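The block underneath contains the structure these notes are about, expressed in structure tokens.
A, B, ... follow the sequence lines: proteins, then strands. Residue 1 opens every chain. Keep in mind that this is a model prediction, so the values were computed, not measured.
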There are 2 protein chains.
Amino acid sequence: MNQDDLVPIPFVFEQPCPIRDVLDRIGDQWSLLVLQVLEHGTMRFSAIHRAIGDISKQMLSKTLKHLEEDGFIRRTLYPEVPPRVEYDLTDLGRSFLVPMKQLTLWADENHRAICEAREKHADRAGA
Amino acid sequence: MNQDDLVPIPFVFEQPCPIRDVLDRIGDQWSLLVLQVLEHGTMRFSAIHRAIGDISKQMLSKTLKHLEEDGFIRRTLYPEVPPRVEYDLTDLGRSFLVPMKQLTLWADENHRAICEAREKHADRAGA
DNA sequence: GGCAAAGGTCTATTTCTTGGACCTAGTCGA
DNA sequence: TCGACTAGGTCCAAGAAATAGACCTTTGCC
């Protein structure tokens, strides 16, 4: 341990760390947003795309692939022409919404405080 | 509304949306990790750096700046030589840990399920 | 004089994202 | 019969962002 560390036991994430493993996937630009959107029910690729608005098709495609890979969502392809693909949450995905809900609720409740902090910060920087 | 949307009311994030505003900041590669680390108490730059392990100094610096800007953490500079800088959570930051805790708890509990989903997926892809 | 310290910043290189063109194949209208 | 259109992607070139590592600061110590 480094002698002037303030934290008694040097806190280091264990490798491999389940929290990091999950956060690395979920904690990207889009995954939480996609899950949030899918809370509203089964949706098609283009509907999700429209709902988020400013995600590129490629990133949406990649994000959906990751979420499917990790078992959060299910992808159902109807081999029609043109193809139809539906996405919906698995039980795992739905169970994830519980803690995620807490987080978005917090975001909603504390948004004002965050904005105020930003303004105060901008003032200090501008002065 | 697009006629074959499966979701009755076309779900689109309002602009500006508090959830997106918060998630865009918090939902990056490192912010959650930094907050998680700071839960353990006041820490210096290099201690946080060591704790996370694979973050670059530049990204850590930027992440800390953002978190300070948004009022999650407090930065205290002691103008000694060499300089000493300590970071700790504000009340806002600490209050954020509550929902975040739920999330990491979920991550811990469901890590195995996620790994299994990944394996199953790899099998399907490999077959 | 020369090195070390902590907390960064600067730069060159690699990696990630983006917007937009393109693909597929069946159905519709002209 | 020809062409356009559809949904869900993929591919590519170009721009944006992250990384590793050199460098900077000021003071104390050998």
Contact state string [nucleotides 21-30 of chain C, B base, S sugar-phosphate only, - no protein heavy atom under 4.0 Å]: ----BS----

Output the rounded distance in Å from [atom1] ([X]) to [atom2] ([N]).
| X | N | atom1 | atom2 | result |
| --- | --- | --- | --- | --- |
| B:Glu80 | D:dT26 | CD | P | 16 Å |
| A:Arg50 | D:dG8 | CZ | C1' | 13 Å |
| A:Phe45 | D:dA7 | CZ | P | 12 Å |
| A:Ile48 | D:dA7 | CD1 | C1' | 13 Å |
| B:Lys62 | D:dA18 | NZ | C1' | 8 Å |
| A:Met43 | D:dG9 | CE | P | 14 Å |
| B:Leu60 | C:dG7 | CG | C1' | 10 Å |
| B:Ile52 | D:dA18 | CD1 | P | 14 Å |

Does [X] place a side-chain N or O at less than 4.0 Å from the phosphate oxygens OP1/OP2 of [N]?
| X | N | value |
| --- | --- | --- |
| A:Ser46 | D:dG8 | yes |
| A:Ser61 | D:dG8 | no |
| B:Tyr87 | C:dG8 | yes |
| A:Ser56 | C:dT17 | no |
| A:Arg44 | D:dA7 | no |

Using rotation axes that map the C1' atoms of four end pairs onto the next four (five pairs an end), what angle separates the end axes of the helix from C:dG1-D:dC30 to C:dA30-D:dT1, to 10°? 30°

Within residues 23-34 of chain A, which residues have any heavy atom lying less than 4.0 Å from an atom of DNA chain C? A:Trp30

Within residues 65-79 of chain B, those residues having any heavy atom closer than 4.0 Å to DNA chain C are B:Lys65, B:Arg75

Quick check for you: to the nearest 0.5 Å, what is the distance between [X] atom [atom1] and [Y] atom [atom2]?
| X | Y | atom1 | atom2 | result |
| --- | --- | --- | --- | --- |
| A:Ile73 | A:Ile48 | CD1 | CD1 | 6.5 Å |
| B:Leu89 | B:Met43 | CG | CE | 11.0 Å |
| A:Met100 | B:Leu103 | CE | CG | 8.5 Å |

A:Arg94: which residues meet the salt bridge (Lys or Arg N to Asp or Glu O under 4.0 Å) condition with it, sequence neighbours left out?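 In terms of salt bridge (Lys or Arg N to Asp or Glu O under 4.0 Å), with neighbours along the sequence ignored, A:Arg94 is linked to A:Asp91.
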
[Y] and [X], any side-chain heavy atoms less than 4.5 Å apart:
| X | Y | value |
| --- | --- | --- |
| B:Asp70 | A:Arg118 | yes |
| B:Gln29 | A:Asp24 | yes |
| A:Phe96 | A:Thr90 | no |

Of all residues at least two apart in sequence or in a different chain, which pass the side chain to side chain contact (heavy atoms under 4.5 Å, CB included) check with [X]?
| X | result |
| --- | --- |
| B:Glu80 | B:Tyr78, B:Arg84 |
| B:Asn110 | A:Leu92, A:Ser95, B:Trp106 |
| A:Ala117 | none |
| A:Asp108 | B:Pro18 |

Among C:dG7, C:dT18, D:dA20, the one nearest B:Arg84 by side-chain distance: C:dG7

Considering heavy-atom distances to DNA chain D, does A:Gln58 or A:Leu64 have its closest nucleotide positioned more toward the 5' end?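 Nearest-nucleotide comparison on DNA chain D picks A:Leu64.
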
Got a list of side-chain donor-acceptor pairs under 3.5 Å for residues 60-69 of chain B, not counting sequence neighbours?
from, atom 1, to, atom 2, distance (Å)
B:Thr63, OG1, B:Met59, O, 2.7

Counterpart residues, side-chain hydrogen bond (donor to acceptor under 3.5 Å, both in side chains), relative to B:Arg75 (two or more places apart):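 For B:Arg75 the side-chain hydrogen bond (donor to acceptor under 3.5 Å, both in side chains) partners, ignoring immediate neighbours, are B:Tyr87.
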
Over all atoms of both residues, closest heavy-atom pair of A:Ile19 and B:Ala107: CA-CB, 4.4 Å

Can you tell me which residue pairs pass the salt bridge (Lys or Arg N to Asp or Glu O under 4.0 Å) test with a partner in residues 30-39 of chain B, sequence neighbours excluded?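 Residue pairs passing salt bridge (Lys or Arg N to Asp or Glu O under 4.0 Å), neighbours aside: B:Glu39-B:Lys101.
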
